K.L.:
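One structure, pasted below without further comment.
The structure displayed is predicted, hence computed values, not measured ones. Along the sequence shown, the residues carry numbers beginning at 1.
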Amino acid sequence: MNQDLYFLEQALKEAKKSAAKAEVPVGAIIVKDKKIIARAHNLKESRNDPTAHAELLAIQKAAKKLKSWRLLDCTLYTTLEPCPMCAGTILQARLKRIIYGAKDLKWGAAGTIVNLLNTNKFNHQPEIEHITHQESTNILKDFFKKRRS
């Protein structure tokens, strides 16, 4: 298993924690020097906080651990394509790479709906890679299918 897929699997473990809490199942981790420095999952519902996305929570934890808001040389692995709010925070945090597993057909801000992460209009552009990760897609589909029934 390649390194990116391994870390995406670790983010999926976080997504499963969200699902167990009846949260939209999205997980994120941040890696620096091939080590996980932060893990998080969606907590929007339980915190009644529209900003409690997995990516933002992971970024906050990583910044605290590194004692810097600049997450240079860090990679964010997330099970779902970042939304515009998360994309803005990714840019502000100066993350080097973003790897995501499922496209977001409603809010995707890494190329599906808009691409806020790869534009010359900002002074920072992280590397972005979508790795088709069927489990990341399936956990979301199953969650919303159950929710509708």
K.L.:
I need the minimum non-hydrogen distance between A109 and P84, along with the two atoms involved.
P.N.:
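Looking at all heavy atoms of both residues, the shortest contact is CB-N, 3.5 Å.
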K.L.:
For a side chain to side chain contact (heavy atoms under 4.5 Å, CB included) with K103, tell me which candidate from I113, T132, T137, T112 qualifies.
P.N.:
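Of the listed residues I113, T132, T137, T112, the side chain to side chain contact (heavy atoms under 4.5 Å, CB included) partner of K103 is T112.
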K.L.:
When you measure from the side chain of E135 to the backbone of L12, do you find a donor-acceptor pair of N or O atoms at a distance under 3.5 Å?
P.N.:
no
K.L.:
To the nearest 0.5 angstrom, please state how far the CD1 atom of I98 sits from the CD atom of Q125.
P.N.:
12.5 Å
K.L.:
Spell out, as yes or no, whether a donor-acceptor pair under 3.5 Å connects the side chain of H124 to the backbone of A93.
P.N.:
no
K.L.:
Applying the side chain to side chain contact (heavy atoms under 4.5 Å, CB included) test to L76, which of I29, I90, I99, I128 qualifies?
P.N.:
I90
K.L.:
Just wondering, do E14 and K17 contact through their side chains at under 4.5 Å, heavy atoms?
P.N.:
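Of all side-chain heavy-atom pairs linking E14 with K17, at least one is under 4.5 Å.
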K.L.:
Decide yes or no for K16 and P25: does some side-chain heavy atom of the first lie under 4.5 Å from some side-chain heavy atom of the second?
P.N.:
no
K.L.:
Compare all side-chain heavy atoms of L66 with those of I37 and state whether any distance is below 4.5 angstrom.
P.N.:
yes
K.L.:
Compare every heavy atom of A38 with every heavy atom of K61, then report the nearest pair and how far apart it is.
P.N.:
CB-CB, 3.8 Å
K.L.:
Does the E55 side chain pair with the main chain of C86, one donor and one acceptor, at a distance under 3.5 Å?
P.N.:
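Here the side-chain-to-backbone pair does not exist.
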K.L.:
Treating E23 as the side-chain partner and A20 as the backbone partner, does any N or O pair qualify as donor plus acceptor under 3.5 Å?
P.N.:
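Not a single qualifying donor-acceptor pair exists.
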K.L.:
CG of L5 to CD of Q10: how many Å apart, nearest 0.5 Å?
P.N.:
10.5 Å
K.L.:
Looking only at atom types and distance, does a side-chain atom of R97 sit under 3.5 Å from a main-chain N or O of L95, one as donor and one as acceptor?
P.N.:
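No, R97 side chain to L95 backbone: no donor-acceptor pair under 3.5 Å.
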K.L.:
Just how far is it from atom CD of Q92 to atom CZ of F122, taken to the nearest 0.5 Å?
P.N.:
9.0 Å
K.L.:
Among pairs that include at least one residue of residues 91-117, which meet ring pair (Phe, Tyr, Trp, His ring centres under 6.0 Å), considering only residues two or more places apart or in two chains?
P.N.:
Y100-H130
K.L.:
Do side-chain atoms of N42 reach the backbone of A54 as a donor and acceptor pair under 3.5 angstrom?
P.N.:
yes
K.L.:
Do side-chain atoms of R39 reach the backbone of I36 as a donor and acceptor pair under 3.5 angstrom?
P.N.:
no
K.L.:
Run the side-chain contact (heavy atoms from CB on, under 4.5 Å) test on T75 and I30 for me, step by step, so that the C-alpha distance in whole Å, both residues' side-chain angles and the decisive distance to 0.1 Å come before the verdict.
P.N.:
CA-CA 6 Å; T75 300; I30 295 181; over 6 Å; no
K.L.:
First locate atom NZ of K44, then atom OG of S18, and finally report the distance between them rounded to the nearest 0.5 Å.
P.N.:
11.5 Å
K.L.:
Donor-acceptor pair, R148 side chain versus F144 backbone, under 3.5 Å?
P.N.:
yes
K.L.:
Using the side chain to side chain contact (heavy atoms under 4.5 Å, CB included) definition, which of the options T79, D104, I139 pairs with V26?
P.N.:
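It is T79, the one option of T79, D104, I139 that forms the side chain to side chain contact (heavy atoms under 4.5 Å, CB included) with V26.
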K.L.:
May I ask you to test the L57-R47 pair for a side-chain heavy-atom distance under 4.5 Å?
P.N.:
yes
K.L.:
Between H133 and E9, do the side chains contain an N or O donor and an N or O acceptor separated by less than 3.5 Å?
P.N.:
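Judged by distance alone, the side chains do pair up.
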K.L.:
So with a 6.0 Å cut-off around NZ of K32, is the heavy-atom count from everything else above 12?
P.N.:
yes
K.L.:
When you measure from the side chain of T119 to the backbone of N115, do you find a donor-acceptor pair of N or O atoms at a distance under 3.5 Å?
P.N.:
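A pair under 3.5 Å: no.
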K.L.:
For S46, does its backbone N or O pair with a side-chain atom of K21 as donor and acceptor, under 3.5 Å?
P.N.:
no
K.L.:
Could you report the tightest heavy-atom contact between A58 and A40, atom names first, then the distance?
P.N.:
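Smallest heavy-atom distance, with atoms named: N-CB, 3.5 Å.
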K.L.:
Can L8 and I131 be said to form a side-chain contact (heavy atoms from CB on, under 4.5 Å), step by step?
P.N.:
CA-CA 9 Å; L8 201 50; I131 297 175; 4.2 Å; yes
K.L.:
Run the numbers on L56 and M85 for side-chain contact (heavy atoms from CB on, under 4.5 Å), then give the verdict.
P.N.:
CA-CA 9 Å; L56 267 60; M85 175 180 66; 4.1 Å; yes
